[in-house]
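Below, chain A is the first sequence line, B the second, and so on; all start at residue 1.
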2 protein chains.
Amino acid sequence: MSDPFRLSAFLPYRLAVLSARISRRLSAEYGRSHGLSVAEWRVMVHLQRCGEVSVREIHNCVNLEKSRVSRAVSRLAAAGLVRKAAARTDARLVSISLSAAGEAALTEILPAAIEVERRLLAAIPTADLAVFSRVIEAIHATLDTDPEARPRSPMDRTADD
Amino acid sequence: MSDPFRLSAFLPYRLAVLSARISRRLSAEYGRSHGLSVAEWRVMVHLQRCGEVSVREIHNCVNLEKSRVSRAVSRLAAAGLVRKAAARTDARLVSISLSAAGEAALTEILPAAIEVERRLLAAIPTADLAVFSRVIEAIHATLDTDPEARPRSPMDRTADD
DNA sequence: CGATGATCGTTGCGCCTGCAATGATATTGA
DNA sequence: TCAATATCATTGCAGGCGCAACGATCATCG
């Protein structure tokens, strides 16, 4: 029979497996210390970078469904890591920002997370990493032209500048 | 202040976003036609390749939690795409195999899935793809030596031979 | 102004998942 | 042979997710 289909050589599968494995390893860091989920982690990181923002803005920046952001923020607020306030100019928006406890948690977690990434990439030649990034970007670019594909966050398109 | 942490440059985030985007684009193919989830898709593909297998075996081969496999198989059986039978030699095992309808569905879906992958990789130089695979493998290798990381399926380690 | 339509955040619903516990069967070793 | 242990698949449970619908607020324009 003809060349059987090998799941383990199929790009979507390979990326899903690798991504899941890395995510799980990473959440062993920030999950153990503060019980954060992936969504909560992304929200916290974005808040540290961008200060006071709305749900919609987080949704647009970190590739999370708006309902997912809303719930993640609620959980973080319940845990005291985040503040929710009504925006001054527009009563529809919610102004979200890190609390002191949230900043402290992030200051503690962030180095560990960066260290995980560093270890994963330590043995890889710089030139290979550049190619790796280029391929990722090329795949995204192809998806950008595909009407059936989800659009990606604008912020992800300017990753390297 | 010092170099702020950019989520969009963080490897785990970048891979998660890319993988999710590809997965969603792909499931637009096999989800639209037959309503398959990712878990069900993986089970079907594995069955086509390996014939009669047990839940445990699928679990070991396609990076799915055993309960996830069990439920995916149950759903597929309910949809008539898969057969479940008691194994002859060992009454604990369940012998799972594609039904005629399952084979037909897969024959219909597989080319579309492969085409999606082909399009995504079409514009990428062969040399870059080789580097890309090498980097993926290197990251996996690092994770393999990490006691905190989940082990990966043995079958994924022999992807290219 | 006032009405229509757009935007924002939340929530209800159904589904899927991970984990642990369970029951059933095999294997091991005294 | 039989008790203790291991393996296999399923299931209960709690929780997160995606999607659509909703109420609340704002913007637009007649």
Side-chain angles (χ1 to χ4, degrees), chain A residues 16-17 19-21 23-25 27-28 30-32 35-43 47 52-79 82-97 150-151, chain B residues 16-17 19-21 23-28 30-32 35-43 46-47 52-79 82-97 150-151:
Chain A
V17 169
S19 173
R21 206 170 175 216
S23 274
R24 180 164 282 268
R25 174 63 186 86
S27 70
Y30 58 65
R32 174 174 39 225
L36 296 184
S37 72
V38 171
E40 289 152 11
W41 154 259
R42 285 193 196 172
V43 168
L47 287 179
E52 290 208 4
V53 291
S54 67
V55 168
R56 171 71 52 167
E57 218 163 304
I58 301 175
H59 157 68
N60 282 335
C61 290
V62 300
N63 276 292
L64 291 175
E65 205 69 26
K66 63 175 179 173
S67 66
R68 206 174 155 187
V69 173
S70 175
R71 289 191 243 249
V73 167
S74 294
R75 289 191 295 262
L76 289 170
V82 145
R83 273 189 307 267
K84 289 171 72 173
R88 302 162 197 281
T89 65
D90 189 332
R92 291 173 302 177
L93 284 87
V94 176
S95 181
I96 304 159
S97 56
R150 279 268 172 112
Chain B
V17 169
S19 173
R21 206 169 176 217
S23 274
R24 179 164 282 270
R25 175 63 186 86
L26 185 65
S27 69
Y30 58 64
R32 175 173 39 223
L36 296 184
S37 72
V38 172
E40 290 153 10
W41 155 261
R42 286 194 196 172
V43 167
H46 183 72
L47 288 179
E52 289 208 4
V53 291
S54 66
V55 168
R56 171 71 52 166
E57 218 164 304
I58 301 175
H59 157 67
N60 283 335
C61 290
V62 299
N63 277 292
L64 292 175
E65 205 69 27
K66 63 176 179 172
S67 66
R68 207 173 153 188
V69 173
S70 176
R71 288 191 242 249
V73 167
S74 294
R75 290 190 295 260
L76 288 170
V82 144
R83 272 189 308 267
K84 289 170 72 171
R88 301 162 197 282
T89 65
D90 189 333
R92 293 173 302 179
L93 299 174
V94 176
S95 181
I96 305 159
S97 57
R150 280 267 173 109

Worked check of side chain to side chain contact (heavy atoms under 4.5 Å, CB included) between A:Glu57 and A:Leu93: CA-CA 10 Å; A:Glu57 218 163 304; A:Leu93 284 87; 5.8 Å; no
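One can place CD1 of B:Ile96 at 13 Å from P of D:dC8, the figure rounded to the nearest angstrom. Separating the NE2 atom of B:His59 from the C1' atom of C:dG18 is a distance of 12 Å, rounded to the nearest angstrom. C:dC8 atom P lies 13 Å from atom CD1 of A:Ile58, rounded to whole Å. As a whole-Å value, the separation of B:Arg56 CZ from D:dA6 P is 14 Å. A:Glu65 has its CD atom 11 Å from the P atom of D:dC17, to the nearest Å. The nearest whole Å value for the distance from the CZ atom in A:Arg42 to the P atom in D:dG16 is 16 Å. Here C:dC8 presents its P atom at 10 Å from CD of A:Glu57, a figure rounded to the nearest Å. Taking atom CZ on B:Arg21 and atom C1' on D:dG18, their separation rounds to 18 Å, with Å as the unit.
Of the side-chain N and O atoms in B:Arg68, one or more sit less than 4.0 angstrom from OP1 or OP2 of C:dG18. B:Arg150 has no side-chain polar atom (N or O) that falls below the 4.0 Å cut-off from OP1 or OP2 of C:dG18. At the phosphate of D:dA9, OP1 or OP2 sits under 4.0 Å from a side-chain N or O atom of B:Ser54. Distances shorter than 4.0 Å separate some side-chain N or O of A:Arg75 from OP1 or OP2 on D:dC17.
Atom CG of A:Leu36 and atom CZ of A:Arg75 lie 10.0 Å apart (nearest 0.5 Å). Here the straight-line distance linking atom OG of B:Ser70 with atom CD of B:Glu65 works out to 11.5 Å at 0.5 Å rounding. Remark: B:Arg83 CZ to B:Leu47 CG distance equals 10.0 Å, nearest 0.5 Å. Here the CD1 atom belonging to A:Ile96 is positioned 9.5 Å from the CG atom belonging to A:Leu76, to the nearest 0.5 angstrom. Rounded to the nearest 0.5 Å, atoms CG (B:Asn60) and OG (B:Ser54) are 8.0 Å apart.
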What are the atom names and distances for every N/O pair under 3.5 Å that joins the protein to nucleotides 22-26 of chain C?
from   : atom 1 : to      : atom 2 : distance (Å)
C:dA26 : OP1    : B:Ala91 : N      : 2.9
C:dA26 : O4'    : B:Arg92 : NE     : 3.2
C:dA26 : O4'    : B:Arg92 : NH1    : 3.4
C:dA26 : O4'    : B:Arg92 : NH2    : 3.3

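Side chain of A:Arg56 to main chain of A:Lys66: no donor-acceptor pair is present (N/O by atom type, distance under 3.5 Å, no hydrogens or angles).
The two residues B:Cys61 and B:His46 come nearest to each other via the heavy atoms CB-CE1, 3.3 Å.
Between B:Ser70 and A:Ser67, the one whose closest nucleotide on DNA chain D sits nearer the 5' end is B:Ser70.
The base of D:dG12 is paired with the side chain of B:Arg71 by a donor and an acceptor separated by under 3.5 Å.
An end-to-end axis angle of 10° holds for the helix from C:dC1-D:dG30 to C:dA30-D:dT1, taken from five base pairs per end and rounded to 10°.
The one candidate from A:Glu52, A:Arg88, A:Lys84 that meets the side-chain hydrogen bond (donor to acceptor under 3.5 Å, both in side chains) condition with A:Ser95 is A:Glu52.
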